[in-house]
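The figures here come from the full heavy-atom set of this structure, side chains too, leaving out hydrogens, waters and symmetry mates.
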Amino acid sequence: MDLREISYVDVLQLLSNNIAVIELVPYHSKSFGLSKTKINKLRSVSLMKDFVKNDLLTRAKNNKALIIITRKAKYWELPKHKNIIRYNNNEARSASLGLDSKGGKIILQMLKEN
């Protein structure tokens, strides 16, 4: 598919219907102070990990989803897979999904394939 043939509005609709942004522990701070042990004791973290492992991971392994981890990748405890993109510490600072980022490149590839 040539992406130049798709209108901007259609691409936005496609992305909005197919991308979800989830956070293990949402926070607004310059630094993150909770240990992995404390994080794993939170019920919301347990529920989120279960959802990702039991739904999204299965879909990613079947080429039906991408998982792009922009921060604290080790906390998600996910296996290595071609459809699981992990940002390193430098990339995580801005967590960009621009065309030159890991996440942006894989999203663009997905758009071309669908």
Exercise for the section: Work out which heavy atom in Lys61 is nearest to a heavy atom in His81; give both atom names and the distance. Expected result: CA-NE2, 3.6 Å
Exercise for the section: Write down the atom of Ser96, the atom of Ser101, and the distance for their closest heavy-atom approach. Expected result: O-OG, 3.2 Å
Exercise for the section: Please report the shortest heavy-atom distance between Trp76 and Ile69, naming the atom on each side. Expected result: CD1-CG2, 3.6 Å
Problem - Derivation and outcome, side chain to side chain contact (heavy atoms under 4.5 Å, CB included), residues Lys64 and Thr58 - result: CA-CA 8 Å; Lys64 302 289 183 191; Thr58 301; over 6 Å; no
Exercise for the section: Take atom NZ of Lys53 as the centre, draw a 6.0 Å sphere, and report whether it contains more than 12 heavy atoms from other residues, nucleotides or ligands. Expected result: yes
Practice task
Without swapping roles, check the side chain of Asn88 against the backbone of Asn90 for a donor-acceptor pair under 3.5 Å.
Solution key: yes
Problem - Worked check of side chain to side chain contact (heavy atoms under 4.5 Å, CB included) between Lys102 and Tyr87 - result: CA-CA 7 Å; Lys102 285 181 189 176; Tyr87 279 34; 4.0 Å; yes
Practice task
Taking the side chain as every heavy atom from C-beta outward, state whether Ile84 and Ile68 have any atom pair closer than 4.5 Å.
Solution key: no
Exercise for the section: Determine whether Lys82 and Asn63 make a side-chain contact, defined as any pair of heavy atoms from C-beta on separated by less than 4.5 Å. Expected result: yes
Practice task
Work out which heavy atom in Tyr75 is nearest to a heavy atom in Ile39; give both atom names and the distance.
Solution key: CE2-CD1, 3.0 Å
Practice task
Tell me, with the steps shown, if Leu24 and Lys72 meet side chain to side chain contact (heavy atoms under 4.5 Å, CB included).
Solution key: CA-CA 9 Å; Leu24 195 58; Lys72 303 284 187 187; over 6 Å; no
Problem - Residue Asn54 excluded, over 12 heavy atoms near CG under 6.0 Å - result: yes
Problem - Residues Glu91, Arg86: salt bridge by 4.0 Å N-O rule - result: no
Completion exercise
dist Leu108:CG -> Asp100:CG (nearest 0.5 Å) comes out at 10.5 Å
Fill in the blank from the handout: When rounded to the nearest 0.5 Å, the distance separating CD1 of Ile107 from CG of Leu66 is 7.0 Å
Exercise for the section: Would you check if Ile22 and Met48 make a side-chain contact, meaning some heavy-atom pair closer than 4.5 Å? Expected result: yes
Practice task
Could you tell me whether Glu77 and Lys36 have a side-chain N and a carboxylate O separated by less than 4.0 Å?
Solution key: yes
Practice task
Take Leu78 and Leu57, measure what side chain to side chain contact (heavy atoms under 4.5 Å, CB included) needs, and give me the verdict at the end.
Solution key: CA-CA 8 Å; Leu78 292 173; Leu57 181 57; 4.3 Å; yes
